[in-house]
Amino acid sequence: MANKQQPSFTLAFVAAALILLAGQVTASREIVEVKGRGVTDPILEAKLIDMLEETERTKDKVPVLGNSEMVKYCDNAYGMSIGNLKKALGMLQRGIKSPQGFKELEAIVSVVMKAYEECDHVFAANTKPSPFGISNTKLKSLGTKCKQYAEEDAKQN
C-alpha cells in the first residue's frame, strides 16, 4: 500500500514545486538599467523583435498577392508598421527614462496594431477574405503582449 501512495505524493510534490517556480519566473520579470541612460525590458524587447520580424515576413508576401488596391493598402500599412516598430525598439534599446517613455512606446504599438486591423478591414469592406488574416491575428496578439509589458514597466519605472 505504501507504494501506491508514494507516486501520488511525488506527483503532488512536483506539481507544488512547478507552481512555486512559475511564480518566481513571473515575479522576476524586471526592467533593467541601461548604463545610466534609463531602463529597458529584455522581454518586451524580445516581443518587439518578434513583432517586427513577423511584420517583415508578412510584408514579404505582398509581391505574390497581386497589385490590387487592397494589397497596396496593406503593403503601405506594413511598411509604416515596420518603421514604427523600429522606432519603438530603438527607444527601448537606448533606455527609457520615465513612465511617459513606456506610455509613448505603448502608443506606438497601438498605432501599429490599428494598421493591422485596417488591413483586414479593407478586405472585409470588399467582401473578400484577407490573405493577411492569420498573420494579422498573430501580430495583434504580439502587440497586445507588448502593450501589457509596457504598461507594467511604466508602473515600475
Side-chain angles (χ1 to χ4, degrees), residues 18-157:
L18 287 174
I19 290 169
L20 286 173
L21 286 174
Q24 288 176 352
V25 168
T26 320
S28 69
R29 190 182 92 62
E30 296 179 10
I31 55 179
V32 294
E33 188 169 347
V34 180
K35 299 177 189 171
R37 295 178 296 176
V39 295
T40 189
D41 177 342
I43 294 174
L44 174 55
E45 182 178 350
K47 293 295 177 194
L48 282 170
I49 290 169
D50 288 347
M51 198 171 173
L52 174 61
E53 290 173 349
E54 182 66 25
T55 303
E56 290 171 336
R57 280 190 296 273
T58 303
K59 186 174 177 9
D60 288 345
K61 296 176 189 174
V62 168
V64 299
L65 294 173
N67 210 16
S68 73
E69 290 302 314
M70 295 175 292
V71 171
K72 286 180 185 177
Y73 181 88
C74 291
D75 186 33
N76 289 334
Y78 293 127
M80 184 258 335
S81 296
I82 289 167
N84 281 331
L85 289 168
K86 286 180 179 179
K87 177 182 177 183
L89 194 55
M91 287 172 53
L92 190 61
Q93 289 171 337
R94 285 187 300 276
I96 294 179
K97 295 179 177 76
S98 70
Q100 189 59 34
F102 282 107
K103 290 178 182 175
E104 183 182 343
L105 190 146
E106 187 179 350
I108 291 169
V109 173
S110 292
V111 168
V112 169
M113 291 173 64
K114 184 71 174 164
Y116 303 144
E117 287 176 27
E118 289 175 1
C119 174
D120 286 338
H121 178 71
V122 166
F123 282 91
N126 287 288
T127 63
K128 301 207 184 248
S130 172
F132 305 108
I134 293 171
S135 294
N136 287 342
T137 299
K138 181 178 180 180
L139 287 164
K140 287 184 273 187
S141 175
L142 283 167
T144 298
K145 289 176 187 170
C146 288
K147 286 174 56 175
Q148 289 170 345
Y149 291 148
E151 185 177 331
E152 290 171 16
D153 292 345
K155 290 176 186 174
Q156 286 185 35
N157 189 1

I96 CD1 to D41 CG distance, which is reported to the nearest 0.5 Å: 9.0 Å

Residue pair N136 / Y116: nearest heavy atoms and the distance that separates them: ND2-O, 3.4 Å

S141 side chain to T137 backbone, donor-acceptor under 3.5 Å: no

Distance, nearest 0.5 Å, that separates OG1 of T144 from CD of Q148: 6.5 Å

Salt bridge flag under 4.0 Å for residues E56 and K59: no

Parallel, tilted or perpendicular: ring planes of F132 versus Y78, cut at 30 and 60 degrees: perpendicular

F102 side, atom CZ; E152 side, atom CD - distance, nearest 0.5 Å: 11.0 Å

T40 side chain vs G95 backbone, donor-acceptor pair below 3.5 Å: no

P129 versus F123, closest heavy-atom pair with distance: O-CD2, 3.7 Å

Heavy-atom pair of closest approach, residues A115 and S81: CB-OG, 3.6 Å

Trace of the side chain to side chain donor-acceptor pair (under 3.5 Å) decision for K61 with S135: CA-CA 11 Å; K61 296 176 189 174; S135 294; 3.0 Å; yes

Side-chain donor-acceptor pairs of residues 83-90 under 3.5 Å, sequence neighbours excluded:
none

Sole residue of M51, M113, E151 in side chain to side chain contact (heavy atoms under 4.5 Å, CB included) with C146: M51

Steps toward side-chain contact (heavy atoms from CB on, under 4.5 Å) verdict (N76, M80): CA-CA 6 Å; N76 289 334; M80 184 258 335; over 6 Å; no

Interatomic distance, M91 atom CE to K97 atom NZ [nearest 0.5 angstrom]: 10.5 Å

Inter- and intrachain pairs under salt bridge (charged side-chain N to carboxylate O under 4.0 Å, His left out), touching residues 103-128, at least two apart: D120-K140

From CA spacing to verdict: side-chain contact (heavy atoms from CB on, under 4.5 Å), L48, V109: CA-CA 9 Å; L48 282 170; V109 173; 4.0 Å; yes

Rounded distance [0.5 Å steps], OH in Y149 versus NZ in K145: 7.0 Å

4.5 Å side-chain heavy-atom contact, L44 and L105: yes

Nearest-0.5 Å distance that lies between atom CG in L142 and atom CG in D50: 6.0 Å

